[in-house]
Amino acid sequence: MGEYAHSFWGGDPMTKIAPSVLSADFAILGEEIAKVEPVADLLHLDVMDGHFVPNLTIGPMVVEAIHRRTRVPLDVHLMIQNPERYIGAFAQAGSTYLTVHAEVCPHLHRTIQQIREAGLKAGVALNPSTSLHAVENILDQVDLILLMSVNPGFGGQSFIPFVLKKVEELSRRLQHVSPAPELEVDGGIKLENCRDVAQAGATILVAGSAIFGAGDPRAAVQKMREQVA
Ligand code: DX5
Ligand code: ZN
């Protein structure tokens, strides 16, 4: 511990890197997390329900188990219907950020408030095809906006190019918001394109397969960090 000399802790404007454990080996999850722990700003955890997205992953129990093993802040991305039902459980599990999809929140403003009342940082995610209009009215009330750059559900997909313009557009709008939420981008981020995404205005890059699919996940984070520094 005490090794976390990264942007999250230092408060400097460097782009943060959030390894997504979706591409880790779940049979040795603790070891996988230990590989990236000294270099990760956040640990990105993907929760899927088989309804909102065509895949099933982890729930609060696993988030809690991870929380017990690491001091890296947990960035929990809920790809589930009715996320408001689970805010308490994910708060208790030790989440730092809790992000819900706008597409499944008819009362998004209320849901954001509930997340903050539970003591968490509130995030809102948008699928690639969802307009930025969906978050226009709540930009000053969230801690993070997550722009999906693949259709959510699986790791290892290709970055959808038009999302880059969306990142630029949102980044421009956030210049007028104070305090500005984090602008996180998730899906298809590799060593080759991470610099473009950061230059478009992303403040947090999520990467799963590019990190845990690499022979040395820690070195993969460090290489990515060099690209976006
Ligand atoms: C996809 C998840 C992502 C996923 C990204 O639905 O939300 O967090 O882990 O994986 P890569 O980086 O492999 O595209
Ligand atoms: Zn994710």
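Ligands are counted one by one from 1 in listed order, and the atoms in each one are counted from 1 as well.
In the hydrophobic clustering of this structure, F162 groups with L164; members are Ile, Leu, Val, Met, Phe, Trp, Tyr whose side-chain heavy atoms approach within less than 4.5 Å, directly or through other members. V163 and M79 fall into different hydrophobic clusters, defined by Ile, Leu, Val, Met, Phe, Trp and Tyr side-chain heavy atoms under 4.5 Å apart, directly or through other members.
For atom 9 (O) of ligand 1, the closest non-hydrogen atom of the protein is S20 OG, 2.7 Å. Given atom 1 (C) of ligand 1, the protein heavy atom at minimum distance is F154 O, 3.5 Å. Given atom 14 (O) of ligand 1, the protein heavy atom at minimum distance is G188 N, 2.8 Å. Shortest contact from atom 12 (O) of ligand 1 to any protein heavy atom: G208 N, 2.8 Å. Shortest contact from atom 13 (O) of ligand 1 to any protein heavy atom: S209 OG, 2.5 Å. Residue, atom and distance of the protein heavy atom nearest to atom 6 (O) of ligand 1 are G153 N, 2.8 Å. The nearest protein atom to atom 5 (C) of ligand 1, hydrogens excluded, is given as D186 OD1, 3.5 Å; this is a heavy-atom distance.
No more than 12 heavy atoms of other residues, nucleotides or ligands sit less than 6.0 Å from atom OH of Y86. Within a 6.0 Å sphere centred on NZ of K223, heavy atoms belonging to other residues, nucleotides or ligands number 12 at most. Annotation for Q92: atom CD does not count as buried by contact number, only 12 or fewer foreign heavy atoms lying within 6.0 Å.
Here 4 is the count of protein N, O or S atoms positioned under 2.8 Å from the Zn ion (ligand 2), waters not counted.
In this structure a side-chain-to-backbone donor-acceptor pair under 3.5 Å is present from S131 to H133. Remark: side-chain polar atoms of R116 are paired, donor with acceptor, to backbone N or O of Q141 under 3.5 angstrom.
Every atom of ligand 1 with a heavy atom of H44 under 4.0 Å away is listed here by number and element: 8 (O). Within ligand 1, the atoms closer than 4.0 Å to a non-hydrogen atom of M79 are 6 (O), 7 (O), numbered from 1 in the order shown. Listed by number with element, the atoms of ligand 1 under 4.0 Å from a non-hydrogen atom of L22 are 4 (C), 9 (O). Under a 4.0 Å criterion applied to the non-hydrogen atoms of M148, ligand 1 contributes the atoms 7 (O). For ligand 1, the atoms sitting less than 4.0 Å from at least one non-hydrogen atom of A207 are 12 (O), numbered in the order shown with element in parentheses. Heavy-atom contacts of H77 reach the following atoms of ligand 1: 7 (O) (cutoff under 4.0 Å).
Looking at I204 and D41, their side chains never come closer than 4.5 Å, going by heavy atoms from C-beta outward.
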Quick one: do R173 and E169 satisfy salt bridge (charged side-chain N to carboxylate O under 4.0 Å, His left out)? Show the steps, please. CA-CA 6 Å; R173 290 195 202 184; E169 169 73 23; 3.1 Å; yes
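Considering D49, I87, T99, L98 as possible partners of L78, the one that fulfils the side-chain contact (heavy atoms from CB on, under 4.5 Å) test is L98. With Y97 as the partner, the side-chain contact (heavy atoms from CB on, under 4.5 Å) test is satisfied by one option alone out of D143, I115, L74: D143. Screening V76, L29, V72 for a side-chain contact (heavy atoms from CB on, under 4.5 Å) with I66, the sole residue that qualifies is L29. Just one of L146, L170, L144 meets the side-chain contact (heavy atoms from CB on, under 4.5 Å) condition when paired with L183; it is L170.
Residue-to-ligand polar distances keep G187 apart from ligand 1: every N/O pair is separated by 3.5 Å or more. Every N/O-N/O distance between K190 and ligand 1 stays at or above 3.5 Å. For ligand 1, the polar-atom distance check against D46 finds a nitrogen or oxygen pair separated by under 3.5 Å.
Both the backbone and the side chain of P152 come within 4.0 Å of ligand 1, judged by heavy-atom distances.
Donor-acceptor pairing under 3.5 Å is recorded for the side chains of S20 and D46.
Between the choices A18, S23, G155, A24, the shortest heavy-atom distance to atom 10 (O) of ligand 1 belongs to G155.
Ring pair H101/F52 is tilted by interplanar angle, where 30° to 60° counts as tilted.
Taking a 4.0 Å cut-off on heavy atoms, G156 registers as neighbouring ligand 1.
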